[in-house]
Each structure stands twice: as C-alpha cells, then as structure tokens.
A.B. asks: 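Please find one structure pasted underneath; my questions will follow.
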Protein chains: 2
Amino acid sequence: MQREGSKKQQNVTIYDVAARAGFSVSTVSRVLNGFEFVRESTRERILEAAGELGYVANLQARSLAGGRSRFVGLLAPGLDSGYVGGISQGVDRSLASAGYGLMLFTTHHHRGQELGYIDTIANGLTAGLLITVPLVPKSYVEALQQQQFPVVLIDQADTSIQSSVVDITNWQGGYTATEHLIQLGHRRIGFITGLMALRSATDRLAGYKMALKDHDIAVDESLIVEGDYMREMGYAAARQLLTAAQRPTAIVASNDFTALGAMEAIHDQGLGIPGDVSIIGFDDIPEARVVHPKLSTVRLPLEQMGRLAVELLLEQIEDPHLQPKHITLSTQLIERQSCAAPRGGRL
Amino acid sequence: MQREGSKKQQNVTIYDVAARAGFSVSTVSRVLNGFEFVRESTRERILEAAGELGYVANLQARSLAGGRSRFVGLLAPGLDSGYVGGISQGVDRSLASAGYGLMLFTTHHHRGQELGYIDTIANGLTAGLLITVPLVPKSYVEALQQQQFPVVLIDQADTSIQSSVVDITNWQGGYTATEHLIQLGHRRIGFITGLMALRSATDRLAGYKMALKDHDIAVDESLIVEGDYMREMGYAAARQLLTAAQRPTAIVASNDFTALGAMEAIHDQGLGIPGDVSIIGFDDIPEARVVHPKLSTVRLPLEQMGRLAVELLLEQIEDPHLQPKHITLSTQLIERQSCAAPRGGRL
DNA sequence: AGGCTTGTTGCAAGCGCTTTCAAAGAGGAA
DNA sequence: TTCCTCTTTGAAAGCGCTTGCAACAAGCCT
C-alpha cells in the first residue's frame, strides 16, 4: 500500500474559494465575515463556491490576522469538584446561546501551569477569559486587564484587583449556617474549614466566627479544624472533633463533600444525625438531597454565577473600555433533616 | 484619562527575543521548540532573553506555521450528564500528565453545530479529537481519518467506522442486571430505556431482552418504556409501569438518574424498595451510594474510558499511520440495597 | 595546504486570513 | 463631454511562527 498522502491533505482555503468564484481573496474574506460593500450577486456566488468546496475557516489564521475569536476560555482547577461542574454548566449554556464556544482549561492546581495557561490563552486563542482558579496572582490579572483583554473572576474576589467579578456571599453563608444552629439551641458548634488558601474558605470561617460572637458564644479554636473541601478530610476532621473531650453537638462543614465525610464519621462513631450531632454543609450538591438523612446545606447559585459571568464577559468583549463590574449573588440556607435541637435542649 | 493603548498592546514576539539575544528568529524558534544543533551557550542566552522579555508563544502562529498543537479536543454533548463528567475527568488527568491541554467543546445536541465544530477543531486547533457525541455521521469521522487526523470514539462504537474506539459492554451490563433480578426470583421485570438514538441505550435494552429469553421469560413490550436518561422521565416511566394492571416486581433503569426518578415514583406510589419493587440502575454515579436505600447499579468505568481514550489518541498523534484499535471495558454489577427477592418468593 | 565533514546559524518562503489603500467602474452633475 | 463621487473589488502587507536550504566556521583527513 503506497502512502501517497503522507502530508496532511491540503485543506480548502480562502484562495480556493476565491479562484472558484472568480473573485479575489479580499472579497471572499469580506463576504465570510461581514457584508460591507459587496454586491449581492457576488456574495451569493462566493457563498456558493464555499459551499461546494466545503470550505471551513481556519481559526488560527483568522485570529492571527487579527480577527475575533468566537471562543471563551474557562480556567478551572479541575473537573472533580462539582463546584466547577455547576459553574461550567451555566457558562456553557449562556455561551452557546450567544454563539460562542467554550474552551475549558484545567490547571490541576499546578501553579506554574496556571500562569503559563493564562498567557497562552489570552494570547489570541480566546476572546475572553473566565477564571475560577484561586491563587492567580494579582499582577497577572492586571496585566491582562491592561492589554484590554476581557477577564471575569468567578468567586475569586480579591478586592484589590480592578476587574469584573461575580461572587457569592460566602461570609453570609457561614454566618447563616452557624446562626441556624445557634437558634436550634447549639452552643458547642464545630467547624471544618475548606482549603484555607481560598478566599471562599476564609470567608465562610469568618462568617462562622462572627455569628458566634454576635450570640455571645466564645470562639473555641479547638472546635475549628482545617479541611480541604474533600470527603476524606471531612471524615478525619469530624473524627477529631468527635473524639475530643467535649465534643460539639453540631458541625458546620465548609462544603457538602466535607459534610458527607463527616456524616460517615459520625455514624462510625455510633452517633446519630441529627439526634446526637447536627450537621450542615455548603454547596447543595445533588448528593445532599439523597443522602440519609437529607443534608441541610447552604446553597450556592453556581449555575447562575456562570451565566452572569458570561454576560459580564460578553459585555466586555463588545466594549473593552467598560468599567469592571462586581456582582454578588446571595447564598440560601436549605433546611433539610440533618439539623435539630441538641439533646436536652439548650445546654 | 487619555486612552493611549486603544490598540492592544504589542505582544513580545520571537523577533523581540531574537533581537535581544542577538540571534536570528530561526535560532530562537529552534531553541524554543527542540534542541537540535544549537550551541549550549546560544541556547542559554536566548532562554534568558525570552525570560527577561516575558515571551509567550503565540499558539495560533505556531500551529499555522505547521507546529504541533499541544491541545486535545473533547467533543461532548454537554456537561450535565455526569457521564461526561466522569469521562472528562479521566481524559483531563491523563492529558495533563502527558503535557497536553484539554479543550472541551459542547454541542448541546445541535446536530449542525456538531459538524461545524468538528471541522473547526480538526482544522488545526487541536492535535487530536475525542468524541463522546452520538449522531456523528460516519462520513465525518471517516473524512477526518482520511486526513490522518487522530480521532478516538468513546462509547460510540459504530462497527462500520474504521476508527479507534474505547467502549464498554453495555449489552453485557443490561444482561447482568436483568439476570441478577431473575436470580433473585423476579419474573415481571420492567425496563426503562435510555435515549434510544444512542447505541448504549439500544445495547442495554438488547442485553435485557436476551437475559429474559435465556431464562425462558417472554419479553412483554408493555414492560418496556422509553426514557431519555433524565430523572424526570425516569419518574414518569416508573409511574406508568407501576400503575399498569400487572405491575412489575422489579425495574431495570438505563441509568442512575432514571433510577433515582423511578425510586421517587415508587415511594410516591406508597411502595417500598426493595420490599415491593426492586430497582437497579446504570452508571454508579456518586448519588447511588448515598441515596436511601443505596442503589444497586451497573458500574461504568467512565474515568478509565477517558484515560484509555487518551492513550489511544496520543499513540495516534505520535504515529498517524497506526492501525485503529478497539478497546472494550467491562461493566461491573454493584450490589447494594435496592434489590431483593420479590414478596412471596418466586411468582 | 586543499577538500570534506560536522556543527551552527541565518535567510526567506510560506501557513490562511484580515485589512488598509488604491484602483476601476458606474452614475451624475456641470 | 468631462470631472467628480460613490460603490465595489483587488493588490499587497503583514499577524508570529516553523523549516528547508544555504552559508559559514572549525576541525579532520589525505
């Protein structure tokens, strides 16, 4: 078998179309992009030729030559968290209805990669960038901004960065969850944090502390244990909390995964939920609704965040000189069955 | 405020680096790509210059000029199914460890878009393409193949397409699930199908039918109701099954979402699981483990599929002349608590 | 010493497309 | 009829990069 096509088959280019239609490439390009100053008959002939040849635009060339990309980049740490899943669904949908494509880039928490990616992506591949990745240095985002490159930060508010942001009231969520427990009569409330490098984690913790203070309950640092948003750590952290001398009667977990892990630990400890220990999570992932008992949680409007972020970004793409906007969405307490008054009422 | 930078700031190009290092662009290019025949000292000088200038490669230009893309495309119907999530996690991870980036494209089930995308993507943007989308016409995939463009189909085996494929034993899964129920003593077993346009759906159904036949149970078409892999349809379908004159004592759902919907319907009907009705799903999504009762299901090695698909694709990228391979992964029955012998034993 | 490798580097031609800028017709106005 | 304007089209210059080919220096052989 002769291999005659070792060199990748020549693609149909704008030149081929021009030749076939009997016009110059410039005219073809005009037809393909806008419709300024082209005679209708010409336009038709060219479109026809393009169709017959099965012409497909080469995006590289187009954007190299200065055309606009019809893709938007979404920079995310990974696909594993459900959190990203929720956001990207919203992003994906609104992007699609606006005629844009989505390019999802995952960084796997490699800091170096994140930076490299950002440059690369911003360097022509996409028309704009949505960032859900933590730890992106301020300077980078600023550099992008300076280049008039549209960027929207999602739930990564760094108040010092002058950039469009969509985020949620993490602080409020932590506060509400804790207060809910307090109003149920709890006094010893444990808290399992998220990955403390993330703003969302520190904010939730801050909300928790404030709620305690507002209700004249001293913050007991031994009741706060650090987690990482993962189920396993949730288990370990809860275990630590439960085996302490004075165990808490309720636990606030910084996300649902953590809460799920904690619930397992509570069960394994021979304790009942919410009889012995109440627990409340964060996120409202699908599992929260089906776990037994159903998990009370603070719902994050992830999909909505994605949608709004896209809106903001698209605006910015239209007009790069627009002032950055900051939208904050509120969280919502979803009461289910994992919280109850502590045994014996108020301790 | 004067807007002096209305034109996007000039990026650092290979020319700038060349000028700064005192070499030609060709040499810079060589250093940046491989290491063939470049003096070590030169190499260092150039790298240094690039670093100082903050040079970032322009991917468009590179791939336009014939360089290799370091991205792989994943074409998926959408992000909502969990199914895609599982696969893309596997894809993402192995890609990352191979030094490739992932570009995720969603088609939203718009047939037209799928085709347009494929061309566009194959047209230089990526080094290869993974397809999890159904309904991609044979001719398209073949055209890609002919151009030596690396493609791997995931769980979309169309035996008539000469292409690399990673799929799973959907048929076997349907068979096993059904047989499990039969061995428990069930005779009237309902089946809720998936989206029948998909190969996976028809295969699962075929497995179900065959299991019945092999055990001398007549296939009762009234026990088979069409679903679409969504929870809502699962609910409706189960409802239809349960309100029929002779309701089944067990139900096989074509995926876990459907099963979850069905479980809800069963409960709403005042029936118990598995007391009155046994149910078994497909996929083993995270919810299956936490729902009450825990859902027995046929586990799909989604992540592994993703991994293997990447392996196959990377091989093909290395050597486009490679013969297509076909890998089939097996499904696994996960027994949990949603299946039991029918009341009164064998009917 | 002259010729031939071998190792390095530069030149220049594109990749496919967009986008000025100028040219060529077509129609009026003078 | 000639000049001017407006519309439509083409020529050509890149965008930033890779790469085949030529050029050159140094080192080796005969």
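By convention in this document, chain letters (A, B, ...) are assigned in the order of the sequence lines, proteins followed by strands, and residues within each chain are numbered from 1.
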A.B. asks: Roughly how many Å is it from CZ in B/R39 to C1' in C/dG10, rounded to a whole number?
C.D. replies: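 Taking CZ of B/R39 and C1' of C/dG10, I get 14 Å after rounding.
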A.B. asks: Look at B/E303 together with B/R307 and state whether they make a salt bridge at an N to O cut-off of under 4.0 Å.
C.D. replies: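 A salt bridge is present here (some side-chain N lies under 4.0 Å from a carboxylate O).
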A.B. asks: According to a strict under-4.0 Å criterion, is A/R62 in side-chain N/O contact with OP1 or OP2 of C/dG16?
C.D. replies: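 So the side chain of A/R62 is outside the cut-off, no N or O lying under 4.0 Å from OP1 or OP2 of C/dG16.
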A.B. asks: Measure from the side-chain heavy atoms of B/A61 and tell me the nearest of C/dC11, D/dC17, D/dG10.
C.D. replies: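 Output: D/dC17.
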A.B. asks: Do B/S164 and B/Q316 have side-chain atoms, one donor and one acceptor, less than 3.5 Å apart?
C.D. replies: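 Side chains of B/S164 and B/Q316: pair found under 3.5 Å.
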A.B. asks: Please state how far atom CZ in A/R43 lies from atom P in D/dT8, giving the value in whole angstrom units.
C.D. replies: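 Interatomic distance, CZ of A/R43 to P of D/dT8: 13 Å.
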A.B. asks: Among D/dA12, D/dG16, D/dT19, which nucleotide has an atom closest to any side-chain atom of B/L64?
C.D. replies: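 Nearest listed nucleotide: D/dG16.
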A.B. asks: Test for a donor-acceptor pair under 3.5 Å between the base of C/dG7 and the side chain of B/R30, counting only N and O atoms.
C.D. replies: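 Under the 3.5 Å cut-off, the side chain and the base do not form any donor-acceptor pair.
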A.B. asks: Confirm from the modelled atom types if B/S29 and D/dC17 form a donor-acceptor pair under 3.5 Å, side chain to base only.
C.D. replies: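 Not at all, since no donor on one side and acceptor on the other fall under 3.5 Å apart.
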A.B. asks: Counting heavy atoms from C-beta on, name the nucleotide in C/dG10, C/dG16, D/dT9 closest to the side chain of A/A65.
C.D. replies: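 Among the listed nucleotides, the one closest to the side chain of A/A65 is C/dG16.
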A.B. asks: Respond yes when some side-chain nitrogen or oxygen of B/T27 is under 4.0 Å from OP1 or OP2 of C/dG10, and no when none is.
C.D. replies: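 For B/T27, the contact criterion (side-chain N or O under 4.0 Å from OP1 or OP2 of C/dG10) is met.
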A.B. asks: Below 4.0 angstrom from OP1 or OP2 of C/dC15, is there any side-chain N or O of A/N58?
C.D. replies: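 So the side-chain polar atoms of A/N58 never come under 4.0 Å of the phosphate oxygens OP1 or OP2 of C/dC15.
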A.B. asks: Assign each of A/V25 and A/S41 to its nearest nucleotide of DNA chain D by heavy atoms, then name whichever residue's nucleotide is nearer the 5' end.
C.D. replies: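 Comparing both residues, the 5'-ward one is A/S41.
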A.B. asks: From the options C/dG16, D/dT9, C/dG10, select the nucleotide whose nearest atom is closest to the side chain of A/T13.
C.D. replies: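 For the A/T13 side chain, the nearest candidate turns out to be C/dG16.
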A.B. asks: Please test B/L329 against B/D167 for side-chain contact (heavy atoms from CB on, under 4.5 Å), starting from the C-alpha separation and ending with a verdict.
C.D. replies: CA-CA 6 Å; B/L329 300 175; B/D167 63 4; over 6 Å; no
A.B. asks: Under the side chain to side chain donor-acceptor pair (under 3.5 Å) test, which residues partner B/T27, sequence neighbours left out?
C.D. replies: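 In terms of side chain to side chain donor-acceptor pair (under 3.5 Å), with neighbours along the sequence ignored, B/T27 is linked to B/S24.
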A.B. asks: Please determine whether a side-chain nitrogen or oxygen atom of B/Y55 lies at a distance below 4.0 Å from atom OP1 or OP2 of D/dC17.
C.D. replies: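 True: B/Y55 side-chain N/O within range (under 4.0 Å) of D/dC17 OP1/OP2.
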A.B. asks: Taking only the side-chain nitrogens and oxygens of A/N33, find out if one of them lies under 4.0 Å from OP1 or OP2 of C/dC17.
C.D. replies: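 No, no such contact exists.
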